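Side chains are part of it too, since the values below use all heavy atoms of this structure and drop only hydrogens, waters and symmetry mates. Here the structure is a predicted model, which is why all the values come from computation and not from measurement.
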Amino acid sequence: MATLKFDWNSLYNELSGCTKCRLCEQRRNIVIADGDPHAGIMFIGEGPGREEDESGVPFVGAAGRLFNELLEEADLDRRNCYICNVVKCRPPQNRDPLPDEAEACLPYLRAQVALVHPKVIVCLGRIAARYVYDRDIQISRQRGCVKKAGAFYIIPTYHPAALLRRADLTNDFVADLIAAKKLFEKLESGEEILL
């Protein structure tokens, strides 16, 4: 499927009335993104939860609050990153997005990537990593493994919600955030990246 050509206005206009999948039926708000639209680091999650659906902002619930704390620990400022999800509407009961729902939203995600044009993309969790990094990802084995795809460097890591259930994953998650920051800094300085 060819990437649809959007500018920011046309992307927001099309998303505001999107009915391409069943997720539109119960949403309160479309959750498009948060942060800097010119960021060098882009974070992609799977989809909005209840608090995100109410506010229209990604990563503001319990997992989002933890994410913010860990961004600070990694010396990253949320305002200088771009944060979005694979799907823009909340799946019922916070279930995983179904494949057809994700496929309906992927043109929008591709447009976001094209418009932001980050140097580093961090996939938060296996769902995001499945659609951006590798369809067959095993997040526990491949987290932190950098892959170059076109102009982008992609790093999969755990979803912040997983850390709420398993605090033992936190150190690995923070290490992945620090690795993303260092990779971005190397790219900004023109340093050669060897994978």
Side-chain angles (χ1 to χ4, degrees), residues 31 33-35 39-49 52 58-78 80-88 91 94-99 101-103 105-106 109-110 112-113 116-188 191-195:
V31 181
D34 190 36
I41 301 176
M42 179 178 202
F43 291 95
I44 302 174
E46 68 179 56
E52 291 78 11
F59 288 93
V60 294
R65 290 187 292 275
L66 177 59
F67 180 48
N68 291 341
E69 289 174 27
L70 299 177
L71 282 171
E72 284 183 28
E73 191 173 321
D75 198 26
L76 286 163
D77 187 334
R78 178 178 169 128
N80 296 331
C81 301
Y82 186 85
I83 302 166
C84 63
N85 286 300
V86 172
V87 297
K88 313 306 182 199
N94 292 343
R95 66 161 167 76
D96 291 346
L98 299 175
E101 295 163 350
E103 292 294 334
C105 252
L106 283 178
L109 179 62
R110 289 185 191 111
Q112 286 175 294
V113 170
V116 175
H117 202 72
K119 293 182 185 292
V120 178
I121 297 172
V122 180
C123 299
L124 299 170
R126 68 177 171 78
I127 299 296
R130 178 182 299 159
Y131 291 102
V132 178
Y133 182 86
D134 182 346
R135 290 271 178 182
D136 299 316
I137 187 150
Q138 295 182 352
I139 199 74
S140 59
R141 290 186 184 164
Q142 292 173 278
R143 59 134 288 270
C145 296
V146 180
K147 173 180 175 179
K148 188 167 191 317
F152 311 107
Y153 288 85
I154 306 170
I155 303 174
T157 192
Y158 301 115
H159 193 284
L163 310 180
L164 294 172
R165 297 185 298 273
R166 290 197 48 199
D168 60 304
L169 303 177
T170 303
N171 287 342
D172 288 339
F173 181 83
V174 172
D176 294 339
L177 296 183
I178 291 169
K181 180 178 185 279
K182 286 181 178 175
L183 176 59
F184 171 68
E185 288 169 349
K186 286 181 179 180
L187 291 164
E188 280 288 275
E191 188 174 327
E192 184 178 355
I193 306 298
L194 301 173
L195 299 180

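- Among the candidates Leu109, Ile154, Leu124, Ile83, the single residue satisfying the side-chain contact (heavy atoms from CB on, under 4.5 Å) test with Ile44 is Leu109.
- The shortest side-chain heavy-atom distance between Asp77 and Leu71 does not fall under the 4.5 Å cut-off.
- Of all heavy-atom pairs spanning Arg78 and Pro58, the tightest one is NH2-O, 2.6 Å.
- A donor-acceptor pair shorter than 3.5 Å cannot be found between the side chains of Glu103 and Tyr131.
- Here the side chain of Gln142 pairs no donor or acceptor atom with the backbone of Pro156 at under 3.5 angstrom.
- Residues Gly45 and Ala128 come closest through the heavy atom pair O-CB, 3.6 Å.
- In this structure a side-chain-to-backbone donor-acceptor pair under 3.5 Å is present from Glu52 to Gly49.
- A salt bridge does not link Asp136 to Arg130: none of the charged side-chain nitrogens sits closer than 4.0 Å to a carboxylate oxygen.
- Side-chain contact between Phe173 and Leu70 is present, with at least one heavy-atom pair separated by less than 4.5 Å.
- Between Pro48 and Pro91 the shortest heavy-atom distance is O-CD, 3.7 Å.
- A side-chain contact (heavy atoms from CB on, under 4.5 Å) with Glu73 holds for exactly one of Ile178, Val174, Leu177; it is Val174.
- Put simply, the side chain of Glu192 reaches to within 4.5 Å of the side chain of Leu194, judged on heavy atoms.
- Taking 4.5 Å as the limit, some side-chain heavy atom of Phe43 sits within range of a side-chain heavy atom of Leu76.
- Figure legend: Lys119 and Phe184 shown without cation-pi pairing, the cationic atom not lying both under 6.0 angstrom from the six-membered ring centre and within 45 degrees of its axis.
- To the nearest 0.5 Å, atoms CG (Leu66) and CG (Leu164) are separated by 5.5 Å.
- Across Cys145 and Arg141, no two heavy atoms sit closer than the pair SG-O, 4.3 Å.
- For the pair Lys147 and Tyr133, the cation-pi test (distance below 6.0 Å, angle within 45°) is passed.
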Let's go through Glu46 and Arg95 carefully: what are the C-alpha distance in whole Å and the side-chain angles of both, what is the deciding distance for salt bridge (Lys or Arg N to Asp or Glu O under 4.0 Å) to 0.1 Å, and is it a yes or a no? CA-CA 10 Å; Glu46 68 179 56; Arg95 66 161 167 76; over 6 Å; no
Apply salt bridge (Lys or Arg N to Asp or Glu O under 4.0 Å) to Asp96 and Arg126, showing your working. CA-CA 10 Å; Asp96 291 346; Arg126 68 177 171 78; 2.5 Å; yes
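- To the nearest 0.5 Å, the span separating CZ on Arg166 from CG on Asp172 amounts to 9.5 Å.
- Arg143 contributes atom CZ, which lies 4.0 Å from atom CG of Asp176 (distance to the nearest 0.5 angstrom).
- Using a distance-only test at 3.5 Å, with no hydrogens or angles considered, no donor-acceptor pair links the side chain of Asn85 to the main chain of Val87.
- In this structure, Glu185 places its CD atom where more than 12 heavy-atom neighbours from other residues, nucleotides or ligands lie under 6.0 Å away.
- Closest approach of Ala129 to Ile139, counting heavy atoms only: CB-CD1, 4.3 Å.
- Between Ile127 and Pro97, some side-chain heavy-atom pair lies under the 4.5 Å cut-off.
- Between the side chain of Arg65 and the backbone N or O of Val60, at least one donor-acceptor pair lies under 3.5 Å.
- For Phe59, the ring-ring contact (aromatic ring centres under 6.0 Å, His included) test picks out Phe67, His159, with sequence neighbours left out.
- Sparse packing is recorded around CG of Asn171, with 12 or fewer heavy atoms of other residues, nucleotides or ligands lying under 6.0 Å away.
- The minimum heavy-atom distance between Gly144 and Ile155, with the atom names listed, is CA-CG2, 3.9 Å.
- In this structure, Lys181 contributes its side chain and Leu183 its backbone to no donor-acceptor pair below 3.5 Å.
- Cys81 contributes atom SG, which lies 11.5 Å from atom CE of Met42 (distance to the nearest 0.5 angstrom).
- A distance of 5.5 Å separates CG in Leu187 from OH in Tyr153, rounded to the nearest 0.5 Å.
- Taken to the nearest 0.5 Å, the CD1 atom of Ile137 stands 7.0 Å off from the SG atom of Cys123.
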